[in-house]
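Note that ligands are numbered from 1 as they come in the structure, with each ligand's atoms numbered from 1 the same way.
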Amino acid sequence: MASTPAGSANQPKLAPSPFSLPADLSKLPDVPGTDPTRCVLDAFRIAIAKVLADALPALTVEKAYEGVDYGKKGEDFTVALPRFRLPGKVDELAKKVLEKFQPDEWIETVVHSKAFLHFQCRTTTLNCLVLDQIHALTYDTESKKPEYGANSLGEGKRVLIEYSSPNIAKSFHVGHLRGTIIGAFLSNLYRACGWEVITLNYLGDWGTQFGLIASGFEKYGSQEKLEENAIQHLLEIYVKVSADAEKDPSVREEAAAWFKRMEDGDDEALKNWRVWRELSIRKYEEEYARLNVHFDVYTGESMVGAKTMEDAVKKLQEMGMIEEDNGALRVNLEAYKLGKAVIRKRDGTSIYLTRDIGAAIERYEEYKFDKMIYVIASQQDLHLQQFFKILQLMGHQWAHNLEHVNYGLVLGMSTRKGTVVFLDQIIREAASMMHEQMRKNEEKYKAIEDPEYTSLEVGITGVKIQDMAAKRINNYTFNWDRMLSFEGDTGPYLQYAHVRLASMERKNPDLVPLPAPSQLRTDLLVEGQARDIVFLLGSWPDVVKNALKTHEPSNVVTFAFRLSHAISSAWETVIVKGEMDKDKARARLALYVAARDVLGAALRLLSITPLERM
Ligand code: ARG
C-alpha cells in the first residue's frame with residue numbers, strides 16, 4: 001500500500017460561507033450544531049425555539065430547538081409539547097405560548113391542535129433568504145464548490161472508504177455494481193460534509209485462480225487480446241482452464257504449484273501476474289470513469305504484508321484467543337455469537353479474513369483515519385462482524401471506528417445477450433437501450449445534439465437511480481424497461497426535469513442576467529406551488545445532513561423526486577414566459593434557477609452528471 005492518495009491534496013476546503021443573514025434578521029440566539037449561514041431553515045427553527053423558550057421559562061432554547069420537527073402537509077414546522085416533559089397540562093403550556101406569541105419577520109402564525117403547535121414561516125423572509133443563500137453558495141464562491149447543502153461537520157477528519165473491490169479474472173457481478181454506486185455516493189457525501197475522503201478499491205487480486213491462468217496462458221492467452229481488454233481476456237482463459245482442470249487433475253496441480261511460487265515471492269512467477277493486474281486496473285479505471293467513479297488508491301488482497309498477518313496471528317495466540325483445529329487455527333467468537341473464524345488454513349496459507357485483518361492494521365498505520373467504511377454486500381455481514389470484533393479484541397481502539405455499510409441483492413440482472421459478467425456490458429446495454437428508447441420519439445430525437453453521449457448519460461442515470469431509490473438493505477429486481485422510462489420515478493425523469501430547468505434562462509434572454517435574489521421582488525412569489533418549491537429547496541442542507549447519518553442514498557433520491565414533482569406542479573401556474581409583470585417574471589426565473597442548482601447538486605451527490613440539454 002505504498003501509493004499516495006491522489007485526490008486528497010486538492011480536496012475542496014469549505015470556505016467560510018459568503019452568505020450572511022441581513023443584519024436586522026440576525027438577532028437570533030446561537031444554538032450549537034446549527035449553521036443559519038448555510039441552512040436557512042436552522043434560522044427559522046431557532047426563531048421557533050425562541051418563541052417557546054420565551055413563553056415557557058423551564059425550557060432552554062437548545063432544548064426547545066430539539067423539539068422542532070418538520071410539519072405534515074401544509075404546516076412548516078410542528079412541535080409536540082409532551083416531549084419536553086414540562087410540569088403542567090399541555091393545553092396550558094400551549095395557551096402560554098399563544099398568548100406570548102408576536103408575529104415577526106420569522107414566524108407568521110402559530111396554531112394549537114391537541115398536543116401540537118404548528119408554526120408557519122413568514123413567506124417573504126423564507127423566499128428571500130432561501131434563494132439568496134443558494135445563489136451565494138452556488139455562484140459567489142470562486143470554485144463553485146463546495147455547493148449549497150455542504151456543511152463542515154467533518155472538518156479536520158479523515159475517512160477511508162473502501163468500495164467496489166471486484167476480483168480480477170472473475171466476473172464483475174451486480175453486487176459489485178451496487179457497491180460501486182453506493183460507494184461513490186458516500187464518497188461525495190463525506191466530501192460535501194467537510195471530511196477528507198480517501199477512496200480505496202481493494203481488488204481480489206490474489207488466489208489460486210492466478211495459478212490456473214498462468215498454466216493456461218500459454219495455450220489460450222494472447223498478448224494482443226490482453227492489451228485490448230485484460231478483464232475480459234483473463235476471464236476467458238480462466239473459464240477455459242477451469243474446464244480443463246475438471247477433466248485433468250494435473251492441470252490443477254500445476255496451477256497450485258504455480259500459485260505456491262507466487263506466494264513464496266518467486267519473481268519469475270509474479271512477472272505475468274503483475275502485468276495482468278496492471279492491465280486490469282487500467283481497464284477498470286476507464287469503465288469507472290464512465291460512471292463518474294474514481295479511486296485514490298488501488299490496493300488489493302495481494303498487497304497485505306505477510307509480516308503484518310503473522311504478527312497478528314502471533315498476538316492472538318499470545319492472548320490465548322486461538323484454538324487449533326486439525327492443524328488449522330481459528331478464533332473462537334462464540335461468546336459474541338459470531339461462531340468460530342478460521343484465520344489460517346492447515347497448509348499455512350492465509351485466507352480472506354486474515355488478509356482483511358492485516359489490511360485494516362496497515363491502513364490505520366498509513367492513514368491514521370478517524371473512520372473507515374467498508375461498502376460490501378450484506379452477504380458478508382458475518383465476515384465483517386468477525387474481523388471488526390477480532391481487531392477490537394486485539395485492543396485496537398481505532399477498530400471501534402470501522403463501519404460496514406451493507407446492501408441487499410440485485411435480482412435478475414441480465415442483458416439481451418444473457419448473464420452479465422462485465423461492467424462494460426451493463427454500461428453498453430444501458431446506453432443502447434436508452435438510445436432505442438429515445439429514437440421512438442422521432443421529433444425529439446432529431447433535436448438531440450449528441451445522441452451517443454446523451455443516451456449513455458441518461459442510461460447510466462437510470463441504472464443508478466433504480467439502484468439508489470430504495471433502502472440499501474432491500475433486495476431489488478433489475479428492470480431495464482422500468483428504469484429507462486421517462487415516466488414514473490426514474491432516472492430519465494430526473495434528467496428531463498433538470499434539462500427543462502436548465503433551459504429556462506436560455507428561453508428568457510430578456511430577463512437575464514438576473515440580479516442577486518436580495519435585489520429581486522421575491523415577495524411576489526405568492527403561489528402555493530412556488531412556496532412548496534422554496535421550502536423544499538430550504539430543506540436540502542437537512543437532507544444532506546440526514547443522509548450522512550443514515551448512509552442512505554435513498555434519502556437524496558426521494559428528495560430529488562419530491563423537488564421534481566413540486567416543479568412539475570408549478571409549470572402551469574408559476575409561468576415565466578408570458579408573465580407581463582417583469583419583476584414577477586424575474587423572481588420566478590430566479591426560483592427555477594435555484595431549483596436547477598439544487599437538483600443538480602442532488603444529482604451530483606449521487607455521482608450523476610446533470611444534463612443541460614437533451
Ligand atoms: N473482492 C471481494 C468480493 O468480490 C469483496 C471485497 C470486500 N472488501 C473487503 N475488505 N473484504 O467478494
Checklist line | Residues that Phe388 engages under ring pair (Phe, Tyr, Trp, His ring centres under 6.0 Å), provided they are two or more places apart | finding: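 Partners of Phe388 under the ring pair (Phe, Tyr, Trp, His ring centres under 6.0 Å) test: Tyr374.
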Notebook entry, point to check: Where do Arg191 and Glu196 land on the salt bridge (Lys or Arg N to Asp or Glu O under 4.0 Å) test, with the steps shown first?
Noted result: CA-CA 6 Å; Arg191 269 191 201 110; Glu196 182 199 351; over 6 Å; no
Check: What do the steps show when you test Arg274 against Asp267 for salt bridge (Lys or Arg N to Asp or Glu O under 4.0 Å), and what is the final call?
Finding: CA-CA 10 Å; Arg274 269 194 210 106; Asp267 220 48; 3.4 Å; yes
Notebook entry, point to check: Name the residues in contact with ligand 1, where contact means a heavy atom under 4.0 Å away: which are they?
Noted result: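 Heavy-atom contacts below 4.0 Å: Glu162, Ser165, Asn167, His176, Tyr202, Tyr352, Asp356, Tyr374, Ile376, Gln380.
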Checklist line | Pairs touching residues 311-344 that satisfy ring pair (Phe, Tyr, Trp, His ring centres under 6.0 Å), sequence neighbours left out | finding: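 Sorted pair list comes back empty.
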Checklist line | Inter- and intrachain pairs under ring pair (Phe, Tyr, Trp, His ring centres under 6.0 Å), touching residues 236-261, at least two apart | finding: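 The answer is Trp206-Phe259.
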Note to self: Between Lys315 and Asp311, does any side-chain N to carboxylate O distance fall below 4.0 Å?
What the structure shows: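 Salt bridge flag = no for Asp311 with Lys315.
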